Amino acid sequence: MKLLVTGGAGFIGSNFILYWIKNHPEDKIVNLDKLTYAGNLENLTSIQNNPQYTFIKGDICDLGLVDKVMEGIDIVVHFAAESHVDRSILNPSDFVLTNVVGTQVLLDASLKKKIKKFHHISTDEVFGSLELNDMNKFTERTNYSPRSPYSASKAASDHLVRSYFHTYDLPTTITNCSNNFGPYQFPEKLIPLAITNLLENKKVPVYGDGLYIRDWLYVEDHARAIDLVIQKGKVGETYLAGGMTEDVSNLDLIKKILNIMGKDESYIEYVKDRPGHDRKYSVDWSKIKNELGWEPKYDFEIGLQKTIDWYKQNVEWWKKIKSGEYQNYYQKQYGAAI
Ligand code: NAD
Ligand code: TYD
C-alpha cells in the first residue's frame, strides 16, 4: 500500500507516521506538508532515511502539485489543517483556505485518481459545546453546531468529505476525535504549554474560571483508532474517538500536572477568557469500540506522566520552538499577563 499523509510534520500526523512505519513496515508513505509554523521535520528525523518514506514540501491548496503527488497513491490520510482555536480567533482566513479549500482540492484529486480510500481527520469541536451539568456526550448522530472559526472550518470540511461520498461514491471515512496530547505537540496547546512553562519556572495561563471540560486522548491511541478505521471501517461512516470516562476540568488537569511536576498552585495564573469559549466537550466512543474493538490503552494519568517525561527529555525540541515566531504569538495572545 502507498499512503499519502497530509500534514505529517505536525503533532498528530508525525505521531501517526511513526506509528504506521512501525506497524506496517511494508507500506510506503508520502508526507505532503507545507511546513507552517506548526510543521516540524525534527519530529521525523528517526525515519528520514527510511526508503519507504518520502517528504514533499507543499500546500494542499496547490491543485497541480496535489494532482502529481496523488499519482500511485492507494490511501489518503488527511491531517493537514490550521488547528489552533486561539489563532483562528486572531486570523480566520488561513483556516478557511487550508481546512476547507485544501480539503476540497484533495477530494477532487482523489476522485480523479480513483484512490481506494480517503480518511479524514476531524474534531469533536464540530458538535459545539455542552453545558457543564449536561451528562450527554457527543455521538455520531449529534447535530453539527461549530462555534469558533476553527471548528466551523473543520465542520465545512467534514460536510465536503461526506458530499464526495454521497455524490461521487468516493470511498471516504471520517474520525472526529477529542483533544489529543502526547509527544511532539506544539506548545501553544494547553498541556504542552503548561508543561514547558513549568519547566521554565513560569506560570500556567488558565482561561476564565478554569472550569472548562475537555475529553483528552493520548495521541498513540488516536493513531491506533485511525489505523482500525482505515483497515476495517465502513465506507461512508464516521467514528468518534475519545479518551475519558470521567470529566476533568482544565483546573483539575493543571493541578494534576503541577502535582506530577512538584509545583504548587501559585503557578496558576488566571487570564482573560477566550471569546466564545466552548464549555464542555465529551465524547461517546462506543461505536468504534463495539464495531471495531478500539479502546484507549493509556489511562489519562499514565498518558500525562509519559507526556511530561517526554518534554523533560526533549528540551531542545521545544526550546527551539519557543525561541522563534512563537514569542510574537505568545505576546499577542497573553500580552504582559505572564
Ligand atoms: P498541527 O497544527 O500540529 O499540524 C498541522 C500540520 O499541517 C502542520 O505540519 C502544518 O505544516 C500542516 N499544514 C497546515 N496547512 C497546510 C497546507 N495548506 N498544506 C499542507 N500542510 C499544511 O495539527 P494537529 O494537532 O497535528 O492536528 C492534525 C489534525 O487533527 C487536524 O486536522 C486537526 O483539525 C485534527 N484534530 C486535532 C486535535 C488535537 O487535539 N490536536 C483534535 C481533534 C482533531
Ligand atoms: P487547547 O489546548 O487550545 O485546545 P481546544 O481549544 O482545541 O480545546 O485548549 C484546551 C482548553 O484549555 C480550552 O478549554 C482552553 C484552555 N486553555 C487555557 O485555559 N489556557 C491556555 O493557555 C490555553 C492554550 C488553553
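Predicted, not measured: the structure shown is a model, and the values here were computed from it. What's counted below: heavy atoms across the whole structure, side chains too, no hydrogens, waters or symmetry copies. Read the numbers this way: they start at 1 and go in the same order the structure lists the ligands and their atoms.
For E188, the closest heavy-atom approach to ligand 2 falls below 4.0 Å. Using 4.0 Å as the threshold, T6 has no heavy atom nearer than that to any atom of ligand 1.
The residues R87 and E325 are annotated as salt-bridged, a charged nitrogen and a carboxylate oxygen being separated by less than 4.0 angstrom. Here D247 pairs with K280 in a salt bridge; the nearest charged N to carboxylate O distance falls below 4.0 Å. Under 4.0 Å is where a charged nitrogen must lie from a carboxylate oxygen, and between K322 and E200 at least one such pair does. By the 4.0 Å N-to-carboxylate-O rule, K306 lies too far from E220 to be salt-bridged with it. With salt bridges taken as basic N to acidic carboxylate O contacts below 4.0 Å, none links K154 and D124. Under a 4.0 Å N-O distance rule, the pair K255/D252 does not qualify as a salt bridge.
Shown in contact with G39 at under 4.0 Å from a heavy atom are these atoms of ligand 1, numbered in order with element: 8 (C), 9 (O), 11 (O). Of all the atoms in ligand 1, the ones that sit under 4.0 Å from a non-hydrogen atom of T36 are 10 (C), 11 (O), 14 (C), 15 (N). Remark: ligand 1 atoms within the under-4.0 Å shell around heavy atoms of Y150 are 33 (C), 34 (O), 36 (N). The S178 neighbourhood of ligand 1 comprises atoms 42 (C), 43 (C), with distances under 4.0 Å to a heavy atom of that residue. Those atoms of ligand 1 that come under 4.0 Å of a heavy atom in T123, given as number and element, are 43 (C), 44 (C). Residue-ligand proximity, D59 to ligand 1, at heavy-atom distances under 4.0 Å covers atoms 17 (C), 18 (N), 19 (N). Close approach to F79 involves these atoms of ligand 1, each under 4.0 Å from a residue heavy atom: 28 (C), 29 (C), 31 (C), 32 (O). Numbered from 1 in the order shown, with element, the atoms of ligand 1 that lie under 4.0 Å from a heavy atom of I121 read 30 (O), 32 (O).
Here the protein heavy atom with the shortest distance to atom 15 (C) of ligand 2 is H277 NE2, 3.4 Å. Regarding atom 8 (O) of ligand 2, its nearest protein heavy-atom neighbour is R214 NE, 2.7 Å. The single protein non-hydrogen atom nearest to atom 7 (O) of ligand 2 is E125 OE2, 2.5 Å, given as residue, atom name and distance. The closest protein non-hydrogen atom to atom 44 (C) of ligand 1 is S122 O, 3.2 Å. Among protein heavy atoms, atom 2 (O) of ligand 2 sits closest to L190 N, 2.9 Å.
When only interatomic distances are considered, the shortest N/O to N/O separation between N180 and ligand 1 falls below 3.5 Å. Looking at ligand 1, you'll find an N or O of F11 within less than 3.5 Å of one of its N or O atoms. Looking at V85 next to ligand 2, no N or O pair under 3.5 Å apart turns up. Between C177 and ligand 1, not a single N/O pair is under 3.5 Å apart. By the 3.5 Å distance cut-off applied to N or O atoms, H78 is not counted among the residues near ligand 1. For ligand 1, none of its N or O atoms has an N or O atom of N179 under 3.5 Å away. Close N/O approach between K154 and ligand 1 is found [any backbone or side-chain N/O within under 3.5 Å]. Between N179 and ligand 2, an N or O atom pair is found at a separation short of 3.5 Å. Ligand 1 has an N or O atom lying under 3.5 Å from an N or O atom of T98, backbone or side chain. Looking at ligand 1, you won't find any N or O of A80 less than 3.5 Å from one of its N or O atoms. Between Y37 and ligand 1, a contact under 3.5 Å exists for no N or O pair.
Both V105 and Y168 are members of a single hydrophobic cluster when ILVMFWY side chains are connected at heavy-atom separations under 4.5 Å. Connection of I308 to Y267 is established within a shared hydrophobic cluster, with ILVMFWY side chains joined at heavy-atom distances below 4.5 Å, either directly or through further cluster members. Side-chain heavy atoms closer than 4.5 Å link hydrophobic residues (I, L, V, M, F, W, Y) into clusters, and following such links, even through other members, never connects L292 to F16. Residues Y207 and V204 fall within the same hydrophobic cluster, defined by Ile, Leu, Val, Met, Phe, Trp and Tyr side chains chained together at heavy-atom separations under 4.5 Å.
Dense packing is recorded around CD of Q48, with more than 12 heavy atoms of other residues, nucleotides or ligands lying under 6.0 Å away.
Contacts between Y281 and ligand 1, counted as non-hydrogen atom pairs separated by less than 4.0 Å, are absent for every part of the residue. With a 4.0 Å heavy-atom cut-off, ligand 2 is reached by no atom of V204. The residue D278 has no part lying near ligand 2, judged by heavy-atom distances below 4.0 Å. Contacts of L35 with ligand 1, taken as heavy-atom pairs under 4.0 Å, involve the backbone alone. Of all the heavy atoms of C61, none lies under 4.0 Å from any atom of ligand 1, so neither backbone nor side chain is involved. By the criterion of a heavy-atom distance under 4.0 Å, the side chain of N250, and not its backbone, is placed next to ligand 2.
Cation-pi geometry between R214 and F181 is not met: the NZ or CZ atom fails to fall both under 6.0 Å from the ring centre and inside 45° of the normal.
Of the candidates G7, G58, G10, S153, G10 brings a heavy atom nearest to atom 4 (O) of ligand 1. The residue from R274, Q185, H84 that puts a heavy atom closest to atom 9 (O) of ligand 2 is R274. Considering each of Y334, Y150, Y207, the one bringing a non-hydrogen atom nearest atom 17 (N) of ligand 2 is Y207. Looking at G8, S151, A81, S83 and measuring to atom 23 (O) of ligand 1, the nearest heavy atom belongs to S83.
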Should R224 and D221 be marked as a salt bridge (charged side-chain N to carboxylate O under 4.0 Å, His left out) after you check the CA-CA gap, both sets of side-chain angles, and the distance that decides it?
-> CA-CA 5 Å; R224 223 167 17 84; D221 281 326; 2.6 Å; yes
Anything under 3.5 Å between a donor and an acceptor, one on a side chain of residues 64-79, the other on a protein residue two or more places apart or in another chain? List them.
residue, atom, partner, partner atom, Å
D67, OD1, K112, NZ, 3.4
D67, OD2, K112, NZ, 2.8
D74, OD1, K116, NZ, 2.6
D74, OD2, K2, N, 2.7
H78, ND1, T6, OG1, 2.7
H78, NE2, T103, OG1, 2.9

